[in-house]
Structure formats: structure tokens, C-alpha cells
Amino acid sequence: MAEPPLPVENENKLWKGVFAVIGIITTLVIYGVLQEKIMRVPYGANKEFFKYSLFLVFCNRITTSAVSAGALLASKKALDPVAPIYKYCLISVSNILTTTCQYEALKYVSFPVQTLAKCAKMIPVMVWGTIIMQKRYKGQDYLLAVLVTLGCSIFILYPTAADISPYNRGRESTVWGVSLMAGYLGFDGFTSTFQDKLFKGYNMEIHNQIFYTTLCSCVLSLSGLVLQGNLLLAIDFVYRHNDCFFDVALLSTVATASQFFISYTIRTFGALTFATIMTTRQLVSIMLSCMWFAHPLSWKQWIGAAIVFGSLYAKSFLRSIPQKPTPSENVPGSSATSLNGNPCYDRT
């Protein structure tokens, strides 16, 4: 006996879910692979490395700013700021520092190490949430945060000897890379929490915040490139290496596309589904990077990865259990909390 067909509403939701999953995982996995290729793989016959991470920030932000402005105009929504400009700029500064630390860290640690380390942003988010938003968290949240951080620490501290940075060798490389990742986590936690505060305080549209924060980031990153004297050097590099130009252009395109897939997913399915998709995407990114760039993993790193992803999936499962909400509770997470009501950036 044939099974009755799915209701149209459920079928539509299924296809929307497939669209969201494929969109997020595809764009962010490509984004991750391109990050590592640009920052760690030499270009040309002379084996030159691309060293201008702030130029990547500028390209990403100007693309996202242009697309978000187009989205606002297409939807016939006002381009006027709804919050003081300095607050957008504050987010921009911390976001630029976040992204710069992320790109610079790839010079010293591998992409699998960086991707897993991002899962440890639970603790910075909790700290900033307590300071800025006066939020309180449950013991379960702290336990999961500690487990994730423990797993990340194991993964970072016990790499295989074969996984060496192209810039430096030895312990100094790892220490500097971990320091940059610590900066990334701290700035990212502040950025996400302050964005959440602006959303709630000014009831602003997603694209409004995307447009003004990325516009400020364009100005700041361009100013930084000019002051450092790196703007013409970066342009000359991509001019001489056409494959690098293509990589940078594609990086900016998928970075922008990913933000709209993230917005669509959270608006349609909520933060819990988004968190699960992002956890899966991080696992896929690590596996793909290991295969593509031949990053060997030690057995200790496998244990660390199992602790991290086991804790993240456990967090998603526990959040799916209905609970009585209280005004002071907000469960932190590596992806969901930092983007709770705020899908503007996935600083992957």
C-alpha cells in the first residue's frame, strides 16, 4: 500500500531545509578552503606567499556592502542609519580585528586547528554576554563550554610533526598562531554580543546593520592598507598572479553569499537548526582540508575533535528539549549564540 504524499507545507519546508543546508555548507566550505589556499599556498614560479590579510578584509567587506545596499534598495527600505554611526564603527573595528587575526593565524597554524579552535568562542561569548548584556548562564552551559575548550586545547597542543607552518617552524609558530586565535576569539565574542545589543536596542533590520558595519569596515580597512603602504603591493600581487585574483574574487563572493544563506536559515528555521548545520559544516571543512592540503592528524587530535563535536551536538540536543524560558537565560554557543538574532557575520 503506497504511503500518502507529504502535505504541501511540509514538502516546501523540506526543500527549504535542503536549500539552506546546501547553501551554507557549500559557501562556507569553499570559503574555508580558499582562506587556506590564499594564505598558505605560494603563487607563481617564484613561490611567493600572499601576505596582505587586510586586503582580503577590504575585498570581502566592499562586496558585502554593495550587495546589502542593493538588497535594501530592492526591498524599498530606507538606507538611513537607525543607530549612531559610532556604534556601527565600533562593530566594524572589532570585526576587522577579528577577521585579520583569523587570516594571520593561518600563516602559523593549519586550517583544521583554526576551525576547531573557533568552537571555543563559547567562553568569550559568555564573558562578553555577562559584561555587556548582564546575562546569566546555567551550570550546563559552563560545563559544555569547558568540554569544548578542553577538546580544542588537546587538538591544538598535540599536532603531528608533519603539519608545519609555511612561514615558521617549531614551537614559536604554534605559540604565535594560538595567540592570534585567542585574539580572534576575544574580538569575535565582543562583536557578536555588541551586534546582538544593537539589534535588540534599536530593532534594526538585518541588511541595515550589514550595510553600515561593512561600509565602515571598508573605510577602516582601506585606511589601514594605505597607512601600512600595502595597498599597491597587494594590488600588484594579484595583478601579477591571475590565479590569486580569481581566488580573492571568489572568496569575496562566497563570503557574501554565505551571509544571506545564514540570514535565510535563521529566519526560516531558527538558531537551533542553524547551530546544528554550522557544527556539521565545521566537521566537513576539517575533513576536506585534511584531504585537500594533506594535514595529518594525530590520535590525540582525533580525541580532541571527538570531544568538541560531541559536546556541540549534545548542546544542540539539550536545547531541543522544551524548557520553561526565563528572562535571564541565554544559552551560549559557538555559532548559535553569537548569531542569535544576528546573522550578519560568520567569521569562519
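Everything quoted here is computed from the prediction, not taken from an experiment. The analysis underlying the following values was restricted to heavy atoms, covering all of them including side chains, and did not include hydrogens, waters or symmetry mates.
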- Note on the structure: Rounded to the nearest 0.5 Å, the SG atom of C244 sits from the OH atom of Y52 at a distance of 10.0 Å
- Could you check whether the rings of F237 and H241 sit parallel, tilted or perpendicular, using 30° and 60° as the cut-offs? tilted
- Check step by step if side-chain contact (heavy atoms from CB on, under 4.5 Å) holds for Y202 and K87. CA-CA 11 Å; Y202 293 92; K87 293 191 176 182; 2.7 Å; yes
- So CZ of F19 and CD1 of I24: to nearest 0.5 Å the spacing works out to 10.0 Å
- Item | Distance-only donor-acceptor check, side chains Y212 and D80, under 3.5 Å | no
- Note on the structure: Here the pair of heavy atoms bringing A69 nearest to F211 is CB-CE1, 3.5 Å
- Message: Determine whether a donor-acceptor pair (N or O, by modelled atom type, separation under 3.5 Å) exists between the side chain of S92 and the backbone of T213.
- Response: yes
- Shortest non-hydrogen pair, C218 vs F58, comes out as O-CD1, 3.6 Å
- Query: Is I62 linked to Y239 within one hydrophobic cluster, defined over Ile, Leu, Val, Met, Phe, Trp and Tyr using a side-chain heavy-atom separation of less than 4.5 Å?
  - Reply: no
- Message: Measuring only between side-chain heavy atoms, which start at C-beta, is Q35 closer than 4.5 Å to Q102?
- Response: yes
- Determine the minimum heavy-atom distance between I38 and F50, stating which atoms define it. O-CB, 3.5 Å
- Gap separating the OG atom of S94 from the CZ atom of F190, nearest 0.5 angstrom: 5.5 Å
- Under 3.5 Å donor-acceptor, T64 side chain and R61 backbone: no
- Query: What distance separates E104 CD from M181 CE, expressed to the nearest 0.5 Å?
  - Reply: 12.5 Å
- Taking a hydrophobic cluster as the set of Ile, Leu, Val, Met, Phe, Trp and Tyr residues connected by side-chain heavy atoms closer than 4.5 Å, whether directly or through intermediates, do I210 and V219 fall within one such cluster? no
- Note on the structure: In short, N208 meets P81 closest at the heavy-atom pair ND2-CA, 4.3 Å
- List the steps, then state whether side-chain contact (heavy atoms from CB on, under 4.5 Å) holds for T99 with Y103. CA-CA 6 Å; T99 313; Y103 288 137; 3.4 Å; yes
- Output, in order, the C-alpha distance, side-chain angles, deciding distance and verdict of side-chain contact (heavy atoms from CB on, under 4.5 Å) for Q209 and L198. CA-CA 9 Å; Q209 189 176 116; L198 286 192; 3.9 Å; yes
- Given the rule that I, L, V, M, F, W and Y join up when any side-chain heavy atoms are under 4.5 Å apart, are L232 and V238 in one cluster? no
- Atom CZ of F261 and atom OG1 of T256: how far apart are they, to the nearest 0.5 Å? 12.0 Å
- Message: Going by the rule side-chain contact (heavy atoms from CB on, under 4.5 Å), which residues pair with I96 if we only count those two or more places apart in sequence or in a different chain?
- Response: L54, V57, T100, S217, L220, S221
- Task: Give, for atom SG of C101 and atom OH of Y184, the distance between the pair rounded to the nearest 0.5 Å.
- Result: 10.0 Å
- Message: The test is side-chain contact (heavy atoms from CB on, under 4.5 Å); show your working for N60 and Y31 and say whether it passes.
- Response: CA-CA 11 Å; N60 289 357; Y31 179 84; 3.8 Å; yes
- Can you find a pair of side-chain heavy atoms, one from I30 and one from L34, that are under 4.5 Å apart? yes
- Message: Contact between F245 and I235 at the side-chain level, heavy atoms closer than 4.5 Å - yes or no?
- Response: no
- Task: Quick one: do Y43 and F49 satisfy ring pair (Phe, Tyr, Trp, His ring centres under 6.0 Å)? Show the steps, please.
- Result: CA-CA 6 Å; Y43 289 93; F49 286 100; 8.8 Å; no
